[in-house]
Amino acid sequence: MGHHQEYDARAGDVRRAGHEDAPAIAAVHRDSIRGLAASSYSTAQIEAWLEGREPERYRRAMDAGEIMFVAELPDGSVVGFGSYQADEVRAVYVAPPHARRGLASRILACIEMHALRQGHSSLWLDASLGAVPFYAARGYARGEDGTHALRGGVELQCVRMTKQIR
């Protein structure tokens, strides 16, 4: 599979996100949930996952200390994003047409480098089922199976994963 593909230079670059990126981040998040997660979860779960993915939510998260990065094409369009807060990786998403090109790996590497500079020695995340192989291939150790609560009481199965970055 494409997990060990080299990064495609045409796929763009990763930079720190700001408030002005919130609409593009929201769009990528929705597209990615719809396109890449549908194989692991029910329609009801996908709908709950999509709920409330509005630009303002991402601006508020940034204001509350969540650090976000975006992957941008040479034309400036945002096709992926990732975020972390404290020692938790909160998100790594790439729009489906741009998946499997190394962008998610680049985003995750930026999160890890930034977290390391902030003094963190390890990171953890709750991986969606489809993302477990991606994180495992990048050095994250599989821990407990669990659930992630969404709006309306809907739960997603997920897997706790951790990595020492220092």
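Just so you know, residue 1 is the first one in the sequence shown, and it goes up from there. Owing to the predicted nature of the structure, the values given are computational and were not obtained by experimental measurement.
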Cluster link Leu150 to Ile46, ILVMFWY, side chain under 4.5 Å: yes
query: Cluster question for you: counting only ILVMFWY and a side-chain heavy-atom cut-off of under 4.5 Å, with indirect links fine, are Met113 and Val92 together?
result: no
Heavy-atom distance under 4.5 Å between the side chains of [X] and [Y], does that happen here?
| X | Y | answer |
| --- | --- | --- |
| Val78 | Val28 | yes |
| Asp13 | Arg106 | yes |
| His114 | Tyr84 | yes |
| Val79 | Glu72 | no |

For residues 54-68, which side-chain N or O atoms pair as donor and acceptor with protein atoms under 3.5 Å away, sequence neighbours left out?
from, atom 1, to, atom 2, distance (Å)
Glu56, OE1, Arg59, NH1, 3.2
Arg57, NH1, Glu51, O, 3.3
Arg57, NH1, Gly52, O, 3.4
Tyr58, OH, His29, ND1, 2.7
Arg59, NE, His19, O, 3.4
Asp63, OD1, His19, NE2, 2.8
Glu66, OE1, Arg90, NH1, 3.4
Glu66, OE2, Ser83, OG, 2.5

Ignoring hydrogens and geometry, is there a side-chain-to-backbone donor-acceptor pair from [X] to [Y] under 3.5 Å?
| X | Y | value |
| --- | --- | --- |
| Asp21 | Gly18 | yes |
| Glu88 | Gln85 | no |
| Arg53 | Trp49 | yes |

Distance-only criterion, 3.5 Å: show the donor-acceptor pairs between side-chain atoms of residues 153-160 and protein atoms not counting sequence neighbours.
from, atom 1, to, atom 2, distance (Å)
Arg160, NE, Asp126, OD1, 2.6
Arg160, NH2, Asp126, OD1, 3.3
Arg160, NH2, Asp126, OD2, 3.3

Approximate separation, where rounding is to 0.5 Å, of Tyr135 OH and Leu123 CG: 10.5 Å
Check against salt bridge (charged side-chain N to carboxylate O under 4.0 Å, His left out), Arg138 and Glu112: CA-CA 11 Å; Arg138 282 146 196 87; Glu112 291 174 359; over 6 Å; no
message: Which label fits Phe81 and Tyr93: parallel for a plane angle under 30°, tilted from 30 to 60°, or perpendicular past 60°?
response: parallel
task: Verify side chain to side chain contact (heavy atoms under 4.5 Å, CB included) between Thr162 and Tyr140, making sure each step is shown before the conclusion.
output: CA-CA 5 Å; Thr162 56; Tyr140 286 76; 5.7 Å; no
